Participant: 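Questions regarding the structure given below will be posed in turn.
Note that the coordinates shown come from a computational prediction; the quantities given were computed from them, not determined experimentally. Just so you know, ligand 1 is whichever comes first in the structure, and atom 1 is the first atom listed for that ligand. We use all heavy atoms of the structure for the numbers below, so side chains are in, but hydrogens, waters and symmetry mates are not.
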Amino acid sequence: MRHNHLAAASFAVALTAIGAGTAVAQDTVKIGLVMPMTGTLAAAGQEAVAGAKLYMAQHGDTVAGKKIEFIVRDDASVPDNAKRIAQEMVVNDHVAILGAGTTPSAMSMAPIATEAKIPTVVMISGTSVVTERSPYYVRTCFTLGQQSGIMADWAIKNGSKKVVSIMSDWAPGAEAGKVFEQHFTQGGGQILETLKVPLANPDFAPFLQRAHDLAPDTLFVFVPAGQAGTFARQFAERGLDKSGIKLIGPGDIVDDNDLPTSGDSLLGVVTAGFYSAAHPSALNKQYVAAYAKATGGKRANFISVGGYDGMHLIYEALKKTGGKTDPDALLAAMKGMAWESPRGPISIDPNTRDIVQNVYIRKVEKKDGEPWAIEFATFNAVKDPLKEAAAK
Ligand code: PHB
């Protein structure tokens with residue numbers, strides 16, 4: 001505690017001394033992303049950064065007459081690092097805008113964004129509460145609740161009655177489980193058991209065995225970006241792909257990054273997700289082709305669009321302010337902004353600063369020899385259900 005107080009005090013002094021946000025050379029705007037480029041959530045950090053870099057490559061590095069200076073630093077998936085790096089970026093690098101990554105790191109950086117008044121675009125975190133941690137936070141990715149409630153309603157309509165949930169044991173998993181279970185039990189379904197799997201180096205086998213033994217008709221699963229491949233392999237190794245138990249979840253379990261190498265193990269799996277590389281729009285086709293070209297052949301995934309759209313939000317906000325980096329002007333420009341993303345139409349809710357987007361029901365099918373999440377139903381302009389519920 002004592003140490004934290006001291007750190008906070010010296011941060012405040014540093015801010016006043018340099019006049020954070022104003023000491024930047026007039027013709028440059030610095031944007032600093034704090035991302036998990038290594039560690040447990042490295043896959044997500046790398047994908048978000050690849051999306052952000054692709055946006056810059058396509059749209060240039062000059063906006064409203066200002067040269068964009070783009071900085072990425074690795075928090076190694078450690079929240080304390082994220083806070084320290086965010087502080088250094090504000091005090092030493094004089095960034096005007098921050099980019100935040102996964103939930104624990106975004107939570108830890110929030111006081112820095114608030115104190116220094118730095119508009120911060122949340123590009124990976126899917127936990128509802130994150131955007132409430134700072135009035136300077138704006139989200140361009142997703143919430144787990146946004147997908148999980150719709151998944152539950154669909155499962156009820158399509159005959160699921162008994163579910164076992166398998167959740168990665170950290171904030172987004174808890175939220176996916178909570179919203180799913182609320183909707184599913186309200187619809188008359190029963191949750192037989194919720195199984196929590198450690199986030200780091202997960203071994204799903206014992207949990208899959210337990211789930212199988214409980215004989216549900218449906219398995220609802222959340223694993224974060226980077227783990228869908230391991231999950232799919234262990235799911236098939238246990239014979240669960242042939243057990244007759246339906247597998248459903250938010251989009252993360254059919255991550256496009258892992259689908260190409262998942263063989264037949266995920267065929268038929270139905271998810272509620274906001275992005276599929278198979279989304280049939282002209283813009284998405286261009287995006288998927290450009291992403292593959294920029295990354296040595298990788299398939300664009302749901303995390304990458306959070307980074308790509310995050311940069312769009314920043315570029316367009318700067319255009320609206322005429323290149324000025326006044327934090328409140330930038331925030332005002334971001335609130336309510338609407339545009340077409342590779343995922344479909346999206347906007348920033350002006351009241352909550354959270355993303356509003358379509359959620360699609362998708363089924364994994366083989367197309368040209370590879371599995372893809374094929375969209376077959378659309379829920380338009382879905383808001384974060386937890387904020388919606390709180391506002392009532
Ligand atoms: C998160 O940080 O909340 C997060 C990261 C990866 C996911 C989902 C949620 O796939």
Side-chain angles (χ1 to χ4, degrees), residues 33-51 74-79 81-83 99-110 120-133 137-148 151 165-180 196-200 202 204 220-232 249-259 271-277 299-307 310 343 354-355 357 359 373 384 386-387:
L33 269 54
V34 187
M35 288 288 161
M37 303 306 284
T38 59
T40 314
L41 296 157
Q46 289 166 11
E47 291 152 0
V49 169
D74 178 16
D75 70 19
S77 308
V78 177
N81 289 349
K83 185 170 192 177
T102 49
T103 294
S105 290
M107 297 274 231
S108 144
M109 285 164 60
T120 301
V121 180
V122 180
M123 299 180 177
I124 302 176
S125 167
T127 311
S128 176
V129 72
V130 158
T131 45
E132 286 162 14
R133 288 300 167 95
Y137 271 20
V138 181
R139 171 155 38 208
T140 55
C141 39
F142 56 92
T143 74
L144 270 312
Q146 220 170 24
Q147 303 163 77
S148 305
M151 189 73 261
S165 298
I166 299 183
M167 299 288 111
S168 179
D169 191 12
W170 55 309
E175 186 162 310
K178 179 173 132 187
V179 176
F180 179 84
K196 295 182 183 168
V197 185
L199 170 62
F204 299 105
F220 175 79
V221 177
F222 166 73
V223 299
Q227 298 187 358
T230 309
F231 178 82
D252 315 57
I253 50 168
V254 295
D255 186 343
D256 277 299
N257 189 55
D258 297 298
L259 273 182
T271 50
F274 63 93
Y275 179 73
S276 167
R299 206 196 274 182
N301 78 340
F302 71 105
I303 299 285
S304 72
V305 288
R343 63 187 110 172
D354 216 334
I355 184 150
Q357 61 188 335
V359 172
D384 171 39
L386 293 172
K387 292 195 184 75

Participant: Near Ile124, which atoms of ligand 1 are under 4.0 Å from a heavy atom of that residue?
Facilitator: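 That gives atoms 5 (C) of ligand 1.
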Participant: Within the side chain of Asp384, is there an N or O that forms a donor-acceptor pair under 3.5 Å with the backbone of Ser128?
Facilitator: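 No; zero donor-acceptor contacts below 3.5 Å.
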Participant: Any side-chain to backbone donor/acceptor pair from Tyr137 onto Ala100? Under 3.5 Å, distance only.
Facilitator: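 Not confirmed, Tyr137 side chain does not pair with Ala100 backbone.
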Participant: Taking side-chain contact (heavy atoms from CB on, under 4.5 Å) as the definition, give me every residue that meets it alongside Pro36, ordered by chain and number, with sequence neighbours left out.
Facilitator: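 So Pro36 forms a side-chain contact (heavy atoms from CB on, under 4.5 Å) with Leu41, Asp75, Ser77, Thr102, Ile124.
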Participant: Output the list of atoms in ligand 1 that are nearer than 4.0 Å to some heavy atom of Gly126, sorted by atom number.
Facilitator: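 By the 4.0 Å cutoff, the relevant atoms are 1 (C), 3 (O).
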Participant: Just to confirm my output: which protein heavy-atom neighbour is closest to atom 4 (C) of ligand 1, and how far is it?
Facilitator: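 Result: Trp170 CH2, 3.7 Å.
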Participant: Counting each atom of ligand 1 from 1 as listed, which ones have a heavy atom of Thr102 under 4.0 Å away?
Facilitator: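 Once the distances to Thr102 are compared, the set is 2 (O).
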Participant: For Phe220 and Phe180, take the angle between the two ring planes, folded into 0 to 90°, and tell me which bin it lands in: parallel under 30, tilted 30 to 60, perpendicular over 60.
Facilitator: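 Parallel, since the angle between the ring planes stays under 30°.
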Participant: As an exercise, identify every atom of ligand 1 less than 4.0 angstrom from a heavy atom of Phe302.
Facilitator: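 Listed by number with element, the hits are 10 (O).
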Participant: Can Ser125 be said to touch ligand 1, with heavy atoms closer than 4.0 Å?
Facilitator: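 Ser125 counts as a contact of ligand 1 under the 4.0 Å cut-off.
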Participant: Do any nitrogen or oxygen atoms of Pro224 lie less than 3.5 angstrom from nitrogen or oxygen atoms of ligand 1?
Facilitator: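 No - when backbone and side-chain N and O of Pro224 are compared with those of ligand 1, no distance drops under 3.5 Å.
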Participant: Exactly one of Val221, Leu199, Val197 should register a side-chain contact (heavy atoms from CB on, under 4.5 Å) with Ser168. Which one does?
Facilitator: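 Only one of Val221, Leu199, Val197 forms a side-chain contact (heavy atoms from CB on, under 4.5 Å) with Ser168, namely Leu199.
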Participant: Indicate the ring-plane relationship of Trp170 and Phe222, choosing parallel, tilted or perpendicular according to the 30° and 60° boundaries.
Facilitator: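 The arrangement is tilted - the two ring planes meet at 30° to 60°.
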Participant: Is Glu47 reaching over with its side chain to a backbone N or O of Gly307, donor-acceptor style, under 3.5 angstrom?
Facilitator: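 Checking the backbone N and O of Gly307 against the side chain of Glu47, no donor-acceptor pair under 3.5 Å is found.
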Participant: So is there a nitrogen or oxygen of Thr103 less than 3.5 Å from a nitrogen or oxygen in ligand 1?
Facilitator: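 So ligand 1 has an N or O lying under 3.5 Å from an N or O of Thr103.
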Participant: Could you tell me whether Val223 and ligand 1 have an N or O pair separated by under 3.5 Å?
Facilitator: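 No: no nitrogen or oxygen of Val223 is under 3.5 Å from one in ligand 1.
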Participant: Mark up the atoms of ligand 1 that fall under 4.0 Å of a heavy atom belonging to Phe222, in ascending order.
Facilitator: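 Contacts of ligand 1 toward Phe222, numbered from 1: 8 (C).
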Participant: Report the nearest protein non-hydrogen atom to atom 10 (O) of ligand 1: residue, atom name, distance rounded to 0.1 Å.
Facilitator: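 Result for atom 10 (O) of ligand 1: Asp252 OD2, 2.6 Å.
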Participant: Check for a donor-acceptor pair, side chain of Ser276 on one end and backbone N or O of Ala373 on the other, with a separation under 3.5 Å.
Facilitator: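 Indeed, once roles are kept as given, a pair shorter than 3.5 Å links the two residues.
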Participant: Should the proximity of Pro172 to ligand 1, defined as any heavy atom under 4.0 Å, be assigned to the side chain, the backbone, both, or neither?
Facilitator: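 Within the 4.0 Å criterion, Pro172 contacts ligand 1 through side-chain atoms alone.
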